[in-house]
2 protein chains.
Amino acid sequence: MLTGNESAELVVLSLLSEGASYGYQLTKDAAARSEGHLRLTPGVLYPLLRQLENEGLITSSWDTVRAEDAEDAGEGRKRKWYRLSPKGKRRLGQRVAAYESLRRVIDAFVGVRPREEGTR
Amino acid sequence: MLTGNESAELVVLSLLSEGASYGYQLTKDAAARSEGHLRLTPGVLYPLLRQLENEGLITSSWDTVRAEDAEDAGEGRKRKWYRLSPKGKRRLGQRVAAYESLRRVIDAFVGVRPREEGTR
DNA sequence: GACGGATATATCGCTGACCGATATATTGGC
DNA sequence: GCCAATATATCGGTCAGCGATATATCCGTC
């Protein structure tokens, strides 16, 4: 359920609105917040992050997490941090509004209790 | 927004739970209930009705609407009435439950107010 | 010192869903 | 007689979703 790109964008923008984060962390946060219902798989997440960056909604920067012993000049593990841009904040607002609108529309249907049998 | 098959199914089953109806009527009802936000176009609606019938969620029957002067033996306009089957009622229940679950998940994200700037 | 599981980022391309465009026919108002 | 509205129906090109896959580091433990 809910691996769709539409909701994924909303969720990623929302998480980033709470502070900078990186891919793997977003995956874990999404799962935790939704009690396991939302799986932000690599195949969904990374193309999405790339697209969001291309649209100027988020910015990114690399950060190297070096191992305990720094004697080795090797590169160490890399992390790519993402931050919400002002444009991204605006987009998030739009997406939230769109979601709330959708919510109202669907509620107009599911909120109705069934009548008894028969033709209209 | 919301021309997707998923929501369309929910909406059609929901409308039929209120009484039998036919394609064109469903189109109009959906638009009216959602204040124009939901457009159940022919390309969406008829394949969906067919599929729902194949799955045994709805049943159908033809009905001929004859013109005022019945002297003509011609066929007149046809209407195909759809009714929700017991299986369809169960499915509707499931879909509503799924929607409410999704709603809760998304709300867990959009309900949160942003913190001030900075890394987590 | 090497194995495995977790951490971390990233791309590719198959499948199949979506729905705009299109077709057909009747009815009613002007 | 014509046009808009009513009414049902199919088709197939486009495009997106995402499972599968690749690569590399880190760390505990045996």
Side-chain angles (χ1 to χ4, degrees), chain A residues 1-12 15 20-32 37-55 58 60-82 120, chain B residues 1-12 15 20-32 37-55 58 60-82 120:
Chain A
M1 144 114 51
L2 182 71
T3 351
N5 215 33
E6 191 124 336
S7 30
E9 179 181 315
L10 180 60
V11 162
V12 166
L15 285 174
S21 188
Y22 56 94
Y24 194 76
Q25 179 72 247
L26 290 169
T27 301
K28 297 300 165 190
D29 283 354
H37 289 289
L38 181 60
R39 256 163 280 161
L40 231 41
T41 57
V44 170
L45 181 63
Y46 292 103
L48 174 59
L49 287 171
R50 173 171 290 251
Q51 179 213 312
L52 292 176
E53 190 169 10
N54 284 339
E55 290 182 67
I58 60 179
S60 70
S61 59
W62 283 99
D63 159 44
T64 304
V65 183
R66 206 167 290 276
E68 206 54 17
D69 62 313
E71 55 157 315
D72 175 7
E75 280 305 316
R77 166 130 53 191
K78 304 230 178 130
R79 259 183 205 153
K80 198 170 178 179
W81 289 86
Y82 294 97
R120 184 184 318 283
Chain B
M1 150 112 50
L2 182 73
T3 349
N5 216 33
E6 191 125 334
S7 30
E9 180 181 317
L10 180 60
V11 161
V12 166
L15 285 173
S21 188
Y22 56 94
Y24 195 76
Q25 179 74 246
L26 290 170
T27 302
K28 297 300 164 192
D29 284 355
H37 289 287
L38 183 59
R39 256 162 280 162
L40 231 41
T41 58
V44 170
L45 181 63
Y46 293 103
L48 174 60
L49 286 170
R50 173 171 290 250
Q51 179 214 313
L52 291 176
E53 191 169 10
N54 284 341
E55 289 182 67
I58 60 178
S60 69
S61 59
W62 283 99
D63 159 45
T64 303
V65 184
R66 206 165 292 275
E68 207 53 18
D69 63 314
E71 56 158 313
D72 174 8
E75 279 306 316
R77 166 130 54 192
K78 305 228 177 134
R79 260 183 206 155
K80 197 169 180 179
W81 289 86
Y82 294 96
R120 184 184 317 285

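Excluded from the calculations below are hydrogen atoms, water molecules and symmetry mates; all remaining heavy atoms, backbone and side chain alike, are included. All chains are named by letter (A, B, ...) in the order of the sequence lines, taking the proteins before the strands, and each is independently numbered beginning at 1.
- Smallest separation of non-hydrogen atoms from A:Asp29 and A:Leu15: CB-CD1, 4.0 Å.
- Residue A:Gln25 contributes atom CD, which lies 8 Å from atom P of C:dA8 at whole-angstrom precision.
- Across all non-hydrogen atoms, the minimal contact from A:Gly23 to A:Leu45 is O-CD2, 3.2 Å.
- Taking the side-chain hydrogen bond (donor to acceptor under 3.5 Å, both in side chains) definition, one finds that A:Glu53 meets it with A:Ser60, sequence neighbours left out.
- Taking CD1 from A:Ile58 and CZ from A:Arg50, the interatomic distance works out to 11.0 Å, rounded to the nearest 0.5 Å.
- Listed here is the closest heavy atom pair of B:Leu26 and B:Leu40: O-CD2, 4.1 Å.
- Computed from coordinates, the B:Leu40 CG to D:dT8 P distance equals 12 Å when rounded to whole Å.
- For the OP1/OP2 pair of C:dA17 and a distance below 4.0 Å, the side-chain nitrogens and oxygens of B:Asn5 include no atom meeting the criterion.
- When the side-chain nitrogen and oxygen atoms of B:Lys80 are compared with OP1 and OP2 of D:dA9, one or more of them lie within a distance under 4.0 Å.
- For DNA chain D, if you chain together Watson-Crick or G-U pairs that step i with j, i+1 with j-1 and so on, the runs of at least three with distances under 3.5 Å are C:1-30 with D:1-30.
- Look at NZ on A:Lys28: it is 9 Å from C1' on C:dT7, rounded to the nearest Å.
- An OP1 or OP2 oxygen of D:dT8 is reached within less than 4.0 angstrom by no side-chain nitrogen or oxygen of B:Tyr24.
- Remark: B:Tyr22 is in phosphate contact with D:dA7, judged by side-chain N or O atoms under 4.0 Å from OP1 or OP2.
- Residue B:Pro42 comes nearest to B:Pro47 through the heavy atom pair O-CD, 3.5 Å, listed as atom of the first residue, atom of the second, then distance.
- In this structure, A:Lys80 and A:Leu49 have side chains that are not in contact, with every pair of non-hydrogen atoms separated by 4.5 Å or more.
- Protein atom CZ of A:Arg39 is 13 Å distant from nucleotide atom P of D:dA20, rounded to whole Å.
- Taking atom CD of residue B:Gln51 and atom P of nucleotide C:dG16, one finds them 15 Å apart after rounding to whole Å.
- B:Val12 places none of its side-chain heavy atoms less than 4.5 Å from the side chain of B:Glu9.
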Produce the list of close N/O pairs, under 3.5 Å, pairing protein atoms with atoms of nucleotides 11-13 of chain C; give distances to one decimal.
| unit_1 | atom_1 | unit_2 | atom_2 | d |
| --- | --- | --- | --- | --- |
| C:dT11 | OP1 | A:Arg50 | NH2 | 2.5 |
| C:dT11 | OP2 | A:Arg50 | NE | 3.1 |
| C:dT11 | OP2 | A:Arg50 | NH2 | 3.1 |

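- In this structure, OG1 on B:Thr27 lies 12.5 Å from CZ on B:Arg39, to the nearest 0.5 angstrom.
- For A:Thr41, whose side chain is taken as the heavy atoms from C-beta onward, the closest listed nucleotide among D:dT8, C:dA8, D:dG19 is D:dG19.
- Atom CZ in B:Arg79 sits about 11 Å away from atom P in D:dT6, given to the nearest Å.
- Per the geometry, CZ belonging to B:Arg77 stands 9 Å off C1' belonging to C:dG28, to the nearest Å.
- Look at CD on A:Glu6: it is 17 Å from P on D:dC15, rounded to the nearest Å.
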